[in-house]
Amino acid sequence: MTRKKIAELYARLHALDPEPKGELHYVNPFTLLVAVALSAQATDKGVNKATGPLFQVADTAEKMAALGEEGLTEYIKTIGLYRTKAKNVIALSRKLLAETGGEVPADRDYLETLPGVGRKTANVVLNIAFGQPFIAVDTHIFRVGNRTGLAPGKTPAQVEEVLERVTPPDYKLHAHHWLILHGRYICKARKPDCWRCPIADLCAFKPKTPPPAEGKG
DNA sequence: CTCCCGATAT
DNA sequence: ATATCAGGAG
């Protein structure tokens, strides 16, 4: 995609949503870290349903560690991959407690040493909790980057590298949310709503199926 | 590459 | 019924 088209793409997403926000619930960097760790292969709504009661009881590494694996499991049983997640969240809470006193460091290399925390989760925490211009590539952004031609890549790491390189500096802080929200509500995995897409004319993907029939208005 | 794994949309 | 959902580890 040309630099001109890329600038136009971001300008439109910006105009439509000047202050885009994520939909995972959290109250501090630690709860954001946990919420994102729980969100792998799960919906935001499902995660929020579980973290509501959970964070009321445990909103710090110390309290989370005190819950223990069995205690945490009772809160997150409704989330997919819950056994692995319970193990990881308790382990990362204990690790933070031992190594930083429970504080979440704004350091990507350190964050990636935590169990259950990879590149994507670390980038989300740095971007959302600490306001740093990193672009976390999740399933939505991976799809949007490839479909549109904005950031093609065979792996999330490649897509991230391209996004980092082609995204104008002024847009880097919000690029993550713009692209993820676009992917969630317009550029959907199964049936993308290209007919109401604000950047369709800039996009490499051309749908074969026509828009659904209008209800009588 | 496989495994993990319940809820929801289609 | 099945694809998908704010992935990460072995």
Side-chain angles (χ1 to χ4, degrees), chain A residues 13 17 20-27 29-55 69 72-93 95-96 104 108-130 132 134-147 151 153-160 163 173-195 207-209 211-213:
Chain A
L13 296 180
D17 193 355
K21 296 183 307 180
E23 294 174 351
L24 282 174
H25 296 165
Y26 66 97
V27 297
F30 174 74
T31 49
L32 176 64
L33 173 63
V34 172
V36 178
L38 293 176
S39 72
Q41 299 296 288
T43 61
D44 280 7
K45 283 183 183 175
V47 173
N48 288 337
K49 192 179 299 180
T51 55
L54 172 63
F55 292 157
E69 230 177 280
L72 174 55
T73 297
E74 292 309 308
Y75 288 92
I76 68 171
K77 263 184 175 169
T78 54
I79 303 176
L81 316 179
Y82 70 91
R83 273 183 282 259
T84 306
K85 290 172 181 176
K87 188 183 301 294
N88 285 336
V89 168
I90 294 306
L92 76 83
S93 298
K95 190 168 192 289
L96 278 176
V104 177
R108 185 163 61 194
D109 288 334
Y110 178 78
L111 291 175
E112 287 195 50
T113 69
L114 297 170
V117 178
R119 178 81 173 196
K120 178 259 178 175
T121 299
N123 276 340
V124 171
V125 171
L126 291 173
N127 184 25
I128 310 309
F130 296 110
Q132 298 185 13
F134 294 110
I135 303 174
V137 177
D138 72 335
T139 182
H140 297 297
I141 297 184
F142 182 75
R143 179 180 65 250
V144 171
N146 275 297
R147 241 186 215 162
K154 292 173 183 167
T155 67
Q158 287 179 25
V159 170
E160 182 185 336
L163 283 174
L173 197 56
H174 294 311
H176 168 69
H177 276 152
W178 281 323
L179 296 174
I180 199 173
L181 292 171
H182 181 69
R184 184 176 300 165
Y185 296 113
I186 307 282
C187 195
K188 299 179 292 185
R190 295 233 200 157
K191 204 186 71 159
D193 292 349
C194 299
W195 77 93
K208 301 172 175 65
T209 57

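Numbered from 1 within each chain, the chains take letters A, B, ... in sequence-line order.
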If you look at every strand shown and take non-hydrogen atoms under 4.0 Å, does A:G22 touch a base, only sugar-phosphate, or nothing? base

Please identify each residue that fulfils side chain to side chain contact (heavy atoms under 4.5 Å, CB included) with A:S39, with sequence neighbours left out. A:L24, A:V36, A:V47, A:K120

Rounded to whole Å, how long is the line connecting atom CG of A:L126 with atom C1' of C:dA6? 15 Å

Contact summary for A:G80 and A:K85, nearest pair of heavy atoms: O-NZ, 2.9 Å

Base, backbone or nothing for each nucleotide of nucleotides 3-10 of chain B, written B, S, -, heavy atoms under 4.0 angstrom, 5' to 3'? -BBBSSBB

Just how far, in rounded Å, is P of C:dA6 from CD1 of A:I141? 11 Å

Could you work out the separation of C:dT2 and B:dC5 based on their C1' atoms and round it to a whole Å? 15 Å

Within residues 110-124 of chain A, the residues having a heavy atom closer than 4.0 Å to DNA chain B are none

Any chance you could lay out the side chain to side chain contact (heavy atoms under 4.5 Å, CB included) test for A:L111 and A:L126, step after step, and finish with the verdict? CA-CA 9 Å; A:L111 291 175; A:L126 291 173; 4.2 Å; yes

Would you mind reading off the distance between A:I128 atom CD1 and C:dA6 atom P, rounded to a whole angstrom? 14 Å

Starting from the 5' end of DNA chain C, give me the residue, A:L24 or A:N88, whose nearest nucleotide shows up first. A:L24

Start with the C-alpha gap between A:E160 and A:R119, add the side-chain angles, then the distance that decides, and say whether salt bridge (Lys or Arg N to Asp or Glu O under 4.0 Å) holds. CA-CA 10 Å; A:E160 182 185 336; A:R119 178 81 173 196; 2.8 Å; yes

For A:R108, what residues pass the side chain to side chain donor-acceptor pair (under 3.5 Å) criterion, not counting sequence neighbours? A:N123

Please list, chain by chain and in numerical order, all residues satisfying side chain to side chain donor-acceptor pair (under 3.5 Å) with A:R184, sequence neighbours excluded. A:E23, A:D44

Any A:R184 side-chain nitrogen or oxygen under 4.0 Å from OP1 or OP2 of C:dA6: yes

Does A:D193 use its side chain to pair, donor to acceptor, with the backbone of A:W195 at less than 3.5 Å? no

Does C:dA6 have A:H176 stacked on its base, where the ring centres are within less than 5.5 Å and the planes differ by under 30°? yes

Measure the distance from CZ on A:F142 to C1' on C:dC5 and round it to the nearest whole Å. 15 Å

Measure NZ/A:K87 against P/C:dG10 and give the value in whole Å, please. 11 Å

Would you say the side-chain atoms of A:H177 pair up with the backbone N or O of A:P20, donor to acceptor, closer than 3.5 Å? yes

Measuring only the P atom in each nucleotide, how far is B:dT10 from C:dA6? A whole number of Å is fine. 13 Å

By side chain to side chain donor-acceptor pair (under 3.5 Å) - contacts of A:N88 (at least two apart): none

Could you state the atom-to-atom distance from NZ of A:K21 to P of C:dA6 in whole Å? 17 Å

Rounded interatomic separation in angstrom, taking OH from A:Y185 and P from C:dC5: 13 Å

